[in-house]
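Keep in mind the model is a prediction, meaning the values are calculated, not measured. Scope of the values below: all heavy atoms of this structure, side chains included, with no hydrogens, waters or symmetry mates. When a ligand or atom number is given, it counts from 1 through the structure's own listing order.
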Amino acid sequence: MNSAQIRKLFPILDQEVNGHPLVYLDSAASSQKPISVIEAVKQYYEHDNANVHRGVHTLGSRATDAYEGAREKVARFINAKRTEEIIFTRGTTTALNLVASSYARLNCQEGDEIVITPMEHHSNLIPWQQAAKATGATLKYIPLQPDGTILLSDVEQIITDRTKVVSMTYVSNVLGVVNPVKQVAEIAHRHGAVMVVDGAQSTPHMKVDVQDLDCDFYAFSGHKMCGPTGIGVLYGKKSLLNNMEPIEFGGEMIDEVGLYESTWKEIPYRFEGGTPIIAGAVGLGAAIDFLEEIGMDEIERHEHQLTAYAMERLSEIEGITIYGPQKRAGLVTFNLGDVHPHDVATVLDAQGIAIRAGHHCCQPLMRWLEASSTARASLYLYNTEEDVDRLVKGLIQTKEYFGYAIG
Ligand code: 7TS
């Protein structure tokens, strides 16, 4: 199936916006959903909806089977060794907060170090700031090279025997940098630290194997990979999860409750307090089926080709600044002369083209780039060369609109 055929499986893309056929270039913020995912959620609510893990009635068993079946799909998708290593969360943010609030606070103390990079999304930065403050640990940063990449020789220097946690995004949502997380995990382990990977921008776009990466925790969101909003995943190695305390308490997660003391269920349930996001998990399972049917290798190949095309076409525009390395994942962050990125996005929107403008939840990285904000076009399996051509044409018109010479 080519991208034009895949596009037809996404009902939302078949519409005009402001009088123009929609070009959606904001999948790094949230992807669109194929009909099969929308149908799976509808089917669940129309036929199987009930609470899980409690009822003896038939709908309760069906809902439980659907929810636990989705967990098995996720485990297979990222090649986790065990299904119980998959915890359903609200998204990447909740997953990373769980590691920082539970694992880091139990395992870090004064004198210890937490190592991250300046390219992290706020979701993989603030939880570590807070954990460092709460434990007295020091937050350390791996420096960025001029193109936004990191050097393993710097990683070797920054990680020490005092380091307890290393956390890093696999793919940057601004620079498109693909970090060498497998090699960093190996360095972290040599010093007795755990490796946390923010997989929000990698999981939707490439084959991920958590056993091969040998990371200790891996977080991602369903809504960026054709699934619904409100569902995400924290993968954690069983031996680590077994020694972690829950951070949310209530129904579903307990074993015995007394008036003054309580005990917790086994993993993963002890981390899933309250009625879980059942329909979200069902939708995520359907999204995984969809992505696997097309093939993660095929998706990666398509995005690689389209990104190369976008980089080539966009760099032809005079006055454009493109941030990040040449070798990158499927997104291009840029500024067009000194036109404010919000103005760029507004003019493009009038032509039916959706891009993101702002700091992309990466304020420290924006300061490093010496840009208060940037524009970003992000690609996915349903984007075509025609979409890129429309973007380029739109940007040239934007320049004209703001009175710049045309490149
Ligand atoms: N980590 C990275 C690398 C991200 O790109 C995002 C979301 C998150 C974490 C948080 O994910 P959430 O699902 O919990 O919100 N990134 C973006 C973005 O680039 N534009 O909007 C959201």
Side-chain angles (χ1 to χ4, degrees), residues 24-33 74 87-101 116-130 142 144 148-150 166-179 181 184 195-206 208 213 215 217-235 247 277 280-281 283-284 287 303 323-324 328-334 341-342 345 354-366 368-369 371 373-380:
Y24 188 75
L25 296 171
D26 196 20
S27 297
S30 198
S31 76
Q32 297 303 347
K33 323 302 172 199
V74 171
I87 299 162
F88 282 126
T89 67
R90 230 160 35 77
T92 308
T93 304
T94 324
L96 292 168
N97 272 278
L98 173 53
V99 186
S101 297
I116 63 174
T117 80
M119 78 176 86
E120 302 310 317
H121 186 279
H122 295 161
S123 301
N124 196 31
L125 195 150
I126 309 169
W128 304 114
Q129 282 181 350
Q130 295 300 100
I142 298 163
L144 302 185
T149 56
I150 58 166
V166 179
S167 191
M168 188 179 289
T169 193
Y170 199 163
V171 172
S172 159
N173 65 320
V174 172
L175 304 168
V177 167
V178 183
N179 281 317
V181 289
V184 177
M195 179 74 191
V196 185
V197 177
D198 174 351
Q201 298 293 351
S202 46
T203 322
H205 305 281
M206 60 210 254
V208 168
L213 294 177
C215 54
F217 298 99
Y218 186 93
F220 60 98
S221 301
H223 71 97
K224 293 187 199 285
M225 51 185 283
C226 298
T229 48
I231 185 81
V233 171
L234 175 67
Y235 156 84
I247 57 166
I277 315 142
L284 177 57
E303 286 178 26
Y323 301 98
R328 60 172 61 215
L331 55 90
V332 186
T333 294
F334 60 91
H342 280 127
I355 63 157
R356 169 128 197 230
H359 55 62
H360 314 287
C361 301
C362 289
Q363 287 184 9
L365 181 61
M366 290 296 122
W368 181 83
L369 291 173
S373 64
T374 61
R376 180 189 69 190
S378 52
L379 306 165
Y380 206 10

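Taking every heavy atom of Q201 and a limit of under 4.0 angstrom, the matching atoms of ligand 1 come to 3 (C), 4 (C), 5 (O), 16 (N), 19 (O). Less than 4.0 angstrom separates some heavy atom of T169 from each of these atoms of ligand 1: 3 (C).
The shortest heavy-atom distance from H223 to ligand 1 is under 4.0 Å. Heavy atoms of D198 come nearer than 4.0 angstrom to ligand 1 in at least one pair. Between A28 and ligand 1 there is a heavy-atom distance shorter than 4.0 Å.
Contacts between R356 and ligand 1, counted as non-hydrogen atom pairs separated by less than 4.0 Å, involve the side chain only. Only the side chain of S221 comes within 4.0 Å of ligand 1, counting heavy atoms alone; its backbone N, CA, C and O stay farther away. With a heavy-atom cut-off of 4.0 Å, R376 touches ligand 1 through its side chain alone.
Of all protein heavy atoms, the one lying nearest to atom 16 (N) of ligand 1 is K224 NZ, 2.9 Å. The single protein non-hydrogen atom nearest to atom 14 (O) of ligand 1 is T93 OG1, 2.6 Å, given as residue, atom name and distance. What sits closest to atom 4 (C) of ligand 1 on the protein, heavy atoms only, is H121 CD2, 3.4 Å.
T169 and H121 share no side-chain donor-acceptor pair at under 3.5 Å.
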